[in-house]
Amino acid sequence: MSVRQLEKHRVGLVGARTPLIDGVEKVTGRARYTADLPAAGALCGRILRSPLPHARIVSVDTSAAEALEGVVAVCTGEDCRVPFGVLPIAENEFPLAREKVRYRGDPVAAVAAVDEATAARALKLIRVEYEKLPAYFDSGKAMKPGAVPIHAEKPNNVLREVHAEFGDSEAGFAAADLVREKTYRFAEVNHVHIEPNATLAEYDPERGHLTLHTTTQVPYYVLLKVAQCMEMDEASIRVVKPFVGGGFGARTECLHFEIIAGLLARKAGATVRLLQTREETFLAHRGRPDTKITVKLGMKRDGKLTACHLQAVQNGGAYASYGIITILYTGALLHGIYEIPAIKHDGWRVYTNTPPCGAQRGHGTVDARAAFEALMNEMAAELGLDAFAVRQVNLLPSIPYVTAYTQRVMSYGLPECLEKVMKASGWAERRGNLPKGRGLGLGCSHFVSGTTTPKHWTGEPHAAVNLRLDFDGGITVLTGAADIGQGSSTMAAQMVAETLSVDWNRLRVISADSALTPKDNGSYSSRVTFMVGNAAVHAASQLKRILTEAAAKKLEASADDIECEHEMFRVVGTDKELPFHDAVKAALVDTGPITVKGTFTSPTEFMGDKKVKGSAIGATMGFCYAAQVVECSVDEVTGKVTAHKAWVAVDVGRALNPLAVEGQVQGGVWMGMGQAMSEETRFDEGRMLHGNMLDYRVPTMVESPDIEVFIVESIDPNGPFGAKEASEGMLAGFLPAVMDAVHEATGVRPYTLPLSPERIGDLLDARDGVQS
Amino acid sequence: MNLMPEFRCHRPTTLEEAVRLKAAAASARFVGGGTDLLVNLRRGLGEPTDLIDLTAVADLAAIRYQDGALWVGAGVTLADLARHPEILASYPAVADAALAVAGPTHRAAATLGGNLCQDTRCIFYNQSEWWREGNGWCLKYLGDKCHVVVKSDRCYATYHGDVAPVLMVLGAEAVLASPRGVRRIALAELYRESGAEHLTLGPDEVLAAVALPPPAGRRAAYAKARVRDAVDFPLAGVAVALRRDGDVIGELGVAITGTNSAPLMIDTDALIGRAWNDEAAAVLALSLRKTANLLRTTITGPKYRRRAMQGMTRRLMDTLWNGR
């Protein structure tokens with residue numbers, strides 16, 4: 001695609017600050033989420049969950065529940081014998097437990113009844129006999145020899161162990177002037193998407209068809225897994241994603257409640273509404289695991305890195321989920337941000353008897369990146385070097401750049417990101433000169449713009465978009481991309497508006513309905529703008545060609561001599577012109593309504609290299625880069641850390657919609673802040689203590705610092721109009737930045753996150769020699 | 001969403017009717033804004049047959065001077081309390097404490113009476129029915145075992161109200177109404193240190209108002225330790241009211257919350273007539289230690305809560321002593 005001068009003044013065009021196309025519906029309350037969907041006569045579904053973290057199921061007696069008036073269907077593990085999981089190589093979860101339960105909250109049975117009170121009574125009538133098994137809540141105990149396997153196929157409770165070395169790390173450390181090794185501990189966190197999980201399942205017993213409306217980021221994966229577990233033909237299932245109140249990775253795989261809703265609806269031969277409480281939404285989890293990172297870096301006197309060795313151990317929870325990918329990502333994204341001659345990586349993803357972890361914004365890289373950057377800051381201080389100087393000396397030397405992991409870096413705005421936040425934060429004058437109790441810190445981070453290796457390899461294009469044009473002149477964008485608030489529908493429409501040079505109001509978007517829209521892998525790994533965006537541009541280019549040819553015919557000119565601007569087709573250099581509507585009419589003659597299909601396929605050179613084990617993970621066409629400076633203060637009496645300001649510069653390739661980019665960047669930084677400052681899950685012998693929004697402490701508006709966003713545009717050669725990912729890459733940087741700011745403020749270096757008042761209090765007391 | 005249990009709802013317009021309704025139904029509960037009670041009922045914490053909504057009782061919503069004291073009706077919302085001119089002029093610490101409660105939407109509905117009479121809290125209690133059942137219930141509700149202090153015969157759930165300690169150090173009285181009439185007690189006497197029965201109200205009694213005596217030269221302040229500066233309950237809270245007479249402490253009230261099953265006054269007798277300095281601070285710290293009983297009732301551990309309580313008290317005393 002040629003990158004030309006873009007106009008930025010018309011809403012909807014590339015570069016124009018464009019309100020989200022579905023924004024008004026949301027802010028006026030007109031938008032309907034799954035729980036709001038009208039479904040007269042729908043039965044109420046409820047799930048019975050295990051009270052034990054690890055046990056053998058001896059028996060399940062549902063007879064009393066089934067006999068209760070108003071109960072229409074009761075399901076147990078007997079109703080589904082096929083396991084599911086997002087990775088075809090690790091499908092080991094049942095929607096309703098069979099033989100064993102593996103975390104406190106594992107679903108055991110479910111009921112559909114005429115109302116909620118009856119469903120609740122029915123749950124109390126189900127008798128489950130368990131035989132307790134030893135339970136493990138941290139990886140150390142789960143991995144100990146003699147521990148009872150949580151899954152029979154993994155006797156040591158390790159889901160995946162990874163070891164990789166690129167370059168000679170031993171030689172690298174030997175060549176360093178300073179070598180340091182530190183261990184960091186990151187508490188488990190959850191996404192806390194505001195809309196709780198919910199599914200509306202409608203079963204048509206006559207035709208054997210099932211329709212699901214569900215809270216998902218991946219309608220296609222939901223369809224696949226529901227069909228698999230229910231042993232149904234995929235053609236008999238329709239999955240629709242209504243408005244969704246956030247996802248952040250929690251909904252990037254089919255989850256148990258979605259299959260359970262389907263099972264209940266089929267058994268009842270009716271419609272079942274299965275709403276999950278906040279506690280149940282926490283139990284479905286899929287958050288970022290409790291992670292221990294030991295990182296060792298070698299540095300020359302000038303800060304140049306000579307080698308990196310990173311070891312990661314994750315308490316993954318009870319099922320595989322994305323675990324294999326998560327642990328691989330802790331190594332894959334050591335590459336591609338700095339030039340490091342040798343990188344060694346060891347990782348262990350361990351099963352524990354806690355709710356299953358999965359993908360969360362910044363998947364796999366956040367804790368590893370935070371530990372790496374924190375140690376970089378610490379070593380810079382030890383060497384008397386400025387934190388910025390240490391980044392600058394390690395920048396990738398030239399672009400394009402191919403990493404040892406075979407990732408191709410085609411655009412790299414990190415140098416400019418560093419310049420922008422250094423200047424904006426007043427770093428040179430203020431760092432080291434702030435009053436006691438106040439500090440500044442720096443962190444950098446990056447993330448993939450979509451994984452080029454889908455979980456279910458089909459050989460199909462990575463994305464497809466249909467455009468429909470009919471007599472009314474309206475253009476309908478049909479995309480399978482799931483808008484979960486990130487703005488993918490707006491983005492797809494913008495690609496069409498810009499390519500066709502049409503008015504924003506001419507466009508409508510229909511998304512994420514398997515009966516109407518082309519298949520899309522879903523909203524994860526920040527793939528949508530890059531892949532669906534390119535597919536939308538491809539589709540629009542074809543429609544443009546059709547309209548241009550029709551206009552050329554009408555204007556009796558060659559199509560090559562036609563230009564189109566502001567809905568006007570014109571013969572270049574003349575005043576012969578044809579309005580858009582007339583071009584549409586001309587194009588419909590003989591053919592009738594027009595449907596075009598655009599696709600995007602990643603070239604194979606971006607898909608990793610079979611010779612490099614694991615390189616399919618972290619394989620991407622472009623990285624988003626970010627640098628951020630955080631300013632904080634610490635109240636030594638209460639131990640409270642307050643973030644006052646974050647300056648963040650992000651290389652997004654091109655800001656297709658600066659308004660949306662700023663929002664996404666602020667959201668990403670903010671989520672990093674939550675993890676850094678206050679968010680953590682807490683368990684008492686496997687009992688989830690944090691299952692509500694009082695005890696799981698997502699920051700409130702009061703704790704939210706001003707987040708000043710600087711957009712850096714490196715114009716990626718492969719992204720749509722040069723765009724890359726814009727919502728994950730900036731998350732990780734907040735953690736090391738605030739850790740370093742706390743060090744400047746107090747003189748203590750934190751190694752455990754979050755920096756809750758409790759932890760800071762302990763660090764300050766240790767510094768001051770206070771006896772407890 | 002969990003279902004609310006079924007109950008009859010009453011909306012009396014007079015105090016007399018309210019207490020009569022309460023006396024008539026054994027398990028009836030009063031409800032003000034509902035920000036504490038309704039959340040608990042949804043979790044299956046209680047199954048009252050009747051709820052008596054007090055928000056239509058006009059008498060409860062007044063703030064007025066009576067017998068030389070400022071009477072604040074139990075039905076006054078925390079938002080109104082925090083912006084009332086008399087409160088801001090004479091008792092700014094009360095407004096500060098009210099503003100420290102939860103978030104703006106809670107405060108718009110929550111009432112002073114509901115805040116003072118809020119239930120005690122514990123990580124083993126404020127959980128869903130499924131959660132508590134799987135944990136064998138607990139001493140506070142439906143069970144016979146305390147998970148905080150094993151083998152205890154009383155519940156250690158913690159009182160986390162923000163407003164009570166400030167009112168206590170200002171010498172407030174609770175005005176209680178029942179079919180037998182009205183009585184006044186020191187606010188501290190509204191509470192007892194027992195997590196499952198922390199209020200001394202009789203079964204047919206209602207907290208009608210709080211009577212605040214004139215400030216009389218006392219300056220008061222409230223500090224609260226919490227992870228987030230909105231929404232969170234106090235992990236520990238301290239209220240201090242101090243009258244400095246020249247170089248010595250003339251009068252001193254210190255009360256704590258978020259530490260025990262009731263908000264408690266701290267013994268400060270030994271400090272009266274002394275200057276505020278490091279030695280005095282050590283005396284007060286010892287007194288705090290003797291009274292506070294911080295246990296594992298919140299996700300945040302007791303060690304931090306002790307540290308914060310002591311640190312905040314010292315800072316409040318320094319600030320008030322120095323007239324800042």
Are any non-hydrogen side-chain atoms of [X] and [Y] less than 4.5 angstrom apart?
X	Y	answer
A:Val637	B:Met312	yes
B:Val231	A:Met693	no
B:Arg307	A:Leu764	yes
A:Asp765	B:Tyr304	no
A:Arg687	B:His147	no

### Query
Can you tell me if A:Thr277 and B:Arg42 form a side-chain donor-acceptor pair at under 3.5 Å?
no
At a heavy-atom separation under 4.5 Å, does [X] approach chain B through its side chain, its backbone, both, or neither?
X	value
A:Pro699	backbone
A:Arg759	neither
A:Glu636	backbone
A:Leu755	neither
A:Glu703	side chain
A:Thr638	both

#### Entry: Heavy atoms of other groups near B:Arg314 CZ, more than 12 under 6.0 Å
yes
### Query
A:His690, A:Glu279, A:Arg104, A:Arg682: which one forms the most heavy-atom pairs within less than 4.5 Å of chain B?
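The candidate making the most pairs under 4.5 Å is A:Arg104.
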### Message
Would the distance check show the side chain of B:Arg228 and the main-chain N or O of A:Leu694 forming a donor-acceptor pair, the cut-off being under 3.5 Å?
### Response
yes
### Query
Would you call A:Asp684 and B:Arg296 a salt bridge, taking side-chain N to carboxylate O under 4.0 Å as the test?
yes
